[in-house]
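A short worksheet on the structure shown next.
Chain identifiers are assigned alphabetically (A, B, ...) following the order of the sequence lines, protein sequences preceding nucleic acid strands; residue numbering begins at 1 within each chain. Note that the structure is a prediction, hence the values are computed from the model and not measured.
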Amino acid sequence: MSRSSTQFWLMKSEPDVYGIADLERDGREPWNGIRNYQARNFLRDAMAAGDLALFYHSNATPPGVAGVMRIDSGPEPDGLAFDPDSNYFDAKSDPEEPVWIQRQVAFVAAFESFVTLADLREDPELEGMLVTRKGQRLSIQPVEEAHFWRICRKGGLTKKAVLEKSGQ
DNA sequence: GCCAACGTTGGC
DNA sequence: GCCAACGTTGGC
């Protein structure tokens with residue numbers, strides 16, 4: 001039985017840095033390096049383990065949704081913020097009172113067909129999605145449930161298939 | 001590479 | 001608190 005409170009998300013990563021194929025290989029990875037407060041607040045406060053997220057390839061040709069993953073932990077301190085050698089180092093964050101937060105994410109499925117940003121924009125049923133709004137940059141966004149399943153379907157996966165693969 | 005749309009920083 | 005300068009994101 002799936003939790004009725006499952007929430008749905010879209011999370012961006014540049015595939016040159018870390019893409020769906022990397023997550024499929026690794027199985028489970030920390031989603032870290034988020035340095036925007038609005039995105040941090042979603043990571044820290046709004047997500048729950050078991051939530052499902054669209055894996056979005058940003059800065060790609062073309063950009064779009066590549067698959068599905070599952071939020072697989074509670075909020076954890078983002079250790080990169082404590083490492084002076086990391087690009088994501090932030091002196092404001094210390095282990096006693098971490099400013100930046102990560103979640104573990106687990107691979108669920110790669111889409112059979114990549115759903116491009118243009119595909120999202122031209123589908124009237126997806127009107128109002130944040131990701132299609134010009135100029136928006138938020139790297140972690142809530143997604144309406146109906147939009148989530150519609151995008152999975154466009155990617156070649158039924159709701160049933162996604163729920164089975166996600167263990168829910 | 002360009003640049004619009006932000007978010008952050010810091011002087012005042 | 002205002003806002004100009006600057007840095008970043010990310011589509012194109």
Side-chain angles (χ1 to χ4, degrees), chain A residues 7-26 29-47 51-71 75-105 107-144 146-148 150-157:
Chain A
Q7 297 176 99
F8 301 89
W9 305 94
L10 179 147
M11 298 166 74
K12 298 179 184 174
S13 179
E14 302 189 16
D16 289 349
V17 178
Y18 197 84
I20 189 81
D22 298 298
L23 185 60
E24 181 163 21
R25 178 196 64 220
D26 297 335
E29 272 287 295
W31 199 269
N32 54 20
I34 301 302
R35 295 294 177 270
N36 168 282
Y37 285 101
Q38 200 179 348
R40 188 280 311 270
N41 292 345
F42 284 135
L43 271 178
R44 187 187 59 190
D45 307 326
M47 281 179 176
D51 284 356
L52 295 174
L54 301 168
F55 194 130
Y56 182 88
H57 284 179
S58 62
N59 246 319
T61 315
V65 181
V68 176
M69 58 192 175
R70 187 182 70 246
I71 306 305
E76 304 171 345
D78 180 347
L80 298 179
F82 313 138
D83 175 5
D85 294 327
S86 169
N87 288 338
Y88 296 103
F89 175 71
D90 185 348
K92 290 195 304 294
S93 192
D94 79 276
E96 298 302 306
E97 193 113 6
V99 174
W100 303 115
I101 296 300
Q102 68 182 26
R103 293 270 184 162
Q104 302 290 326
V105 297
F107 177 81
V108 171
F111 282 172
E112 289 165 22
S113 53
F114 186 76
V115 181
T116 68
L117 178 59
D119 293 333
L120 301 180
R121 286 197 162 125
E122 72 189 14
D123 184 345
E125 290 197 32
L126 297 177
E127 204 177 324
M129 284 194 75
L130 282 178
V131 72
T132 58
R133 230 182 61 199
K134 181 173 184 281
Q136 69 75 34
R137 306 183 304 172
L138 191 59
S139 65
I140 297 180
Q141 313 180 352
V143 172
E144 290 175 26
H147 291 169
F148 182 91
R150 175 100 180 147
I151 292 167
C152 288
R153 201 69 198 86
K154 292 171 103 70
L157 296 174

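Across all their heavy atoms, A:Ile20 and A:Val68 have their closest contact at CD1-N, 4.3 Å.
Place A:Gly135 and A:Arg35 on DNA chain B by their nearest nucleotides, and A:Gly135 ends up nearer the 5' end.
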Could you list the donor-acceptor pairs under 3.5 angstrom formed by side chains in residues 129-136 of chain A, with sequence neighbours left out?
from: A:Thr132; atom 1: OG1; to: A:Met129; atom 2: O; distance (Å): 2.8
from: A:Gln136; atom 1: OE1; to: A:Leu138; atom 2: N; distance (Å): 3.3
from: A:Gln136; atom 1: OE1; to: A:Gln141; atom 2: NE2; distance (Å): 2.5
from: A:Gln136; atom 1: NE2; to: A:Val131; atom 2: O; distance (Å): 3.3

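Of the possible polar contacts, none joining the A:His57 side chain to the A:Thr116 backbone as a donor-acceptor pair under 3.5 Å is found. For A:Arg103 (side chain) and A:Trp31 (main-chain N/O), no donor-acceptor pair under 3.5 Å exists by modelled atom type.
The residues A:Asp90 and A:Arg35 are annotated as not salt-bridged, no charged nitrogen and carboxylate oxygen being separated by less than 4.0 angstrom.
Contact footprint of chain A on DNA chain B: nucleotides with an atom under 4.0 Å from a non-hydrogen protein atom, first to last in 5' to 3' order, B:dA4 to B:dT8.
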